[in-house]
Number of protein chains: 2
Amino acid sequence: MTRRSALPATPAYDPHAFPPFAVTVDMVVLTIADGRLQVVLVERGAPPFEGSWALPGGFVHVDESLDAAAARELTEETGVRAAKHLDQFGAYGDPDRDPRMRVVSVAYLAILPEIGALAAASDARNAELVAVDKLLRRRPARQLAFDHRAILRDAVEVARTKLETTSVATAFVDREFTLTDLRVVYETIWGETLDAGNFRRKVLSTPGFVTPTGYRAQPGPEGGKPPDLYRAGRTRLAPLDPPMRRTGRR
Amino acid sequence: MTRRSALPATPAYDPHAFPPFAVTVDMVVLTIADGRLQVVLVERGAPPFEGSWALPGGFVHVDESLDAAAARELTEETGVRAAKHLDQFGAYGDPDRDPRMRVVSVAYLAILPEIGALAAASDARNAELVAVDKLLRRRPARQLAFDHRAILRDAVEVARTKLETTSVATAFVDREFTLTDLRVVYETIWGETLDAGNFRRKVLSTPGFVTPTGYRAQPGPEGGKPPDLYRAGRTRLAPLDPPMRRTGRR
DNA sequence: GGAATAGTGTCTCTGAGACAGTATAGT
DNA sequence: ACTATACTGTCTCAGAGACACTATTCC
């Protein structure tokens, strides 16, 4: 049995002393577009799973940290600026998850207000925003490569929980937003409707969640009172205490 | 740049096609002994960090899943029976975390009611239970090998949060326990005192948390009313809704 | 004015916290 | 009796939820 302590105490790489793994990062980049939760996918341009869709990601370089690899891959593969808050939420390493070799993938969650032009990277034929519910329902519109369906499902659950316990929802909206914008984020990701008045009280009574700008937005095309504009509070990940409750009401 | 899609679509291992990593699992095995939160450590019997203390762990085998490796290492290194609930909580992969080679370690949390005889495994000189606060305070009693101090700190925070949101506390106590036993678990891990009456109401009003046995324990050496005995509820990880609140009171 | 959206006020109910009071053991 | 521990009852307060009401815009 190969054990850590059986290895020579040298920085030199001895390929026969331990089982060699490939280590990758996979990015779950979530955003809200057209009123739905969407995720960035790339169409693979090479085997395995050539032509099918997958989460963006790639190999960790020899000299970079996991977090750095995640930030790099996000920029490289989607053309999106590196987000400040990349959240590592799991490692996936089943022996057969990649037909070529033994791969352990570290999964990261990124939450963005909007995705700019999606530039397909070198090894991706294409890059698209796809509605998450189309991918996770019982009969998915697309089969994802590898175990990316499970990774995506876990990521969505992490996002749902983070909405409960932190002020991360402000990462889904533009720099200036109305409280209705923010409430729609919760409603979209949780899949339930929230009382506008109660939501308002909860957000405004949480220190550091939002800060008023003093300005108002234009009313919508169907009229209505012009809503107040806010910005994200000082700390993007302020803990909500007590947390925002998810009731399960539709 | 080496990318996943640039690799040949073959299961064969080509050591030049991707940066080779070693993948390990590290186990944070927590228990409560002598009224304190304690963790299982092993004294390393080989370089690097020979003679210093570390979390038990080791290389993932080529053909086993991460979870299986964690369960195997736990049994092998500590002689402890494989716990049902091994909780993966993070991957640690800084380039310089192991002086020998590039290692990514997947960290697991195990919670046990008591640790039997600690049998030092082949590559460990020794195995011991050590109080967690002695390791995490500003001037630690022992320096841990690698980045195991950071891993331990993260694990403790995960355990604290799991006490809030799940009924995992029953994993710290014996099969039959009193509600005072259970409350002491919270008080020990959170480092604060809880009102016995309110704690009782909260636990008993949570479906699936505990089930009464109908029996009573003997009173303590200083007398008192004999306390009712309970067992863990049906689901060891029942979600607490609303969660148990951690107030920060001492 | 009517419709639509934003925002406020208020009532109720649940649950946490504080803490007094009761129960049952040992000494 | 006294003490120690276990358990119960009760009061208060904070916060969530429901929902009516007001405010400000467009048509």
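Atoms considered below: every heavy atom in the structure, side chains included; atoms not considered: hydrogens, waters and symmetry mates. Residue numbers start from 1 in every chain, and the chains themselves are labelled A, B, ... in the order their sequence lines are given, proteins ahead of strands. Computed from a prediction, not measured in an experiment: that's the story for all the values here.
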Please report the distance, rounded to the nearest Å, between [atom1] in [X] and [atom2] in [N].
{"X": "B:Tyr230", "N": "D:dA6", "atom1": "OH", "atom2": "C1'", "value": "10 Å"}
{"X": "B:Leu194", "N": "D:dA6", "atom1": "CG", "atom2": "P", "value": "14 Å"}
{"X": "A:Gln218", "N": "C:dT5", "atom1": "CD", "atom2": "P", "value": "16 Å"}
{"X": "B:Leu179", "N": "D:dT8", "atom1": "CG", "atom2": "P", "value": "9 Å"}
{"X": "B:Asp228", "N": "C:dA23", "atom1": "CG", "atom2": "P", "value": "15 Å"}
{"X": "A:Glu164", "N": "D:dA16", "atom1": "CD", "atom2": "C1'", "value": "14 Å"}
{"X": "B:Tyr186", "N": "C:dA16", "atom1": "OH", "atom2": "P", "value": "12 Å"}
{"X": "B:Met244", "N": "C:dG15", "atom1": "CE", "atom2": "C1'", "value": "13 Å"}

- Task: Please confirm whether any donor atom in the side chain of B:Asp195 sits under 3.5 Å from an acceptor in the base of C:dA16, or the reverse.
- Result: no

- For the base of C:dA18, is there a side-chain donor-acceptor partner from B:Asn198 under 3.5 Å away? yes

Per [X] side chain, nearest of listed nucleotides [options]:
{"X": "B:Lys225", "options": "D:dA6, D:dT25, C:dG7", "answer": "D:dA6"}
{"X": "A:Arg201", "options": "D:dT5, D:dG17, C:dA25", "answer": "D:dG17"}
{"X": "B:Arg216", "options": "D:dT24, C:dT24, C:dG15", "answer": "C:dT24"}
{"X": "A:Pro242", "options": "C:dG7, C:dA16, D:dG15", "answer": "D:dG15"}

- For B:Thr180, which contact category applies under a 4.0 Å heavy-atom criterion: base, sugar-phosphate, or nothing? sugar-phosphate

- Task: Look at all strands and tell whether A:Ser205 reaches a base, only sugar-phosphate, or nothing, counting heavy atoms closer than 4.0 Å.
- Result: nothing

- Query: Is a salt bridge present between A:Glu192 and A:Arg160, judged by a nitrogen-to-oxygen distance below 4.0 Å?
  - Reply: no

- Message: Using a strict threshold of under 4.0 Å (side-chain N to carboxylate O), is an ion pair present between B:Asp34 and B:Lys134?
- Response: no

- Message: For the backbone of B:Pro56 and the side chain of B:Glu73, can you confirm whether one donor and one acceptor N or O come within less than 3.5 Å of each other?
- Response: no

- Query: Of A:Asp241 and A:Gly223, whose nearest nucleotide on DNA chain D comes first from the 5' end?
  - Reply: A:Asp241

- Query: Quick one: on DNA chain D, does A:Gly197 or A:Gly224 contact a more 5' nucleotide (nearest heavy atom)?
  - Reply: A:Gly197

- Task: Establish, with yes or no, whether the OP1 or OP2 oxygen of C:dT8 is under 4.0 angstrom from a side-chain nitrogen or oxygen of A:Arg200.
- Result: yes

- Would you please confirm or rule out a distance under 4.0 Å between OP1 or OP2 of C:dA16 and any side-chain N or O of B:Lys202? yes

- Task: Show the numbers, then the answer: is there a side chain to side chain contact (heavy atoms under 4.5 Å, CB included) between B:Val28 and B:His148?
- Result: CA-CA 9 Å; B:Val28 179; B:His148 286 186; over 6 Å; no

- Message: Can a side-chain donor-acceptor contact be found between A:Tyr92 and A:Asp26 if the only test is distance below 3.5 angstrom?
- Response: no

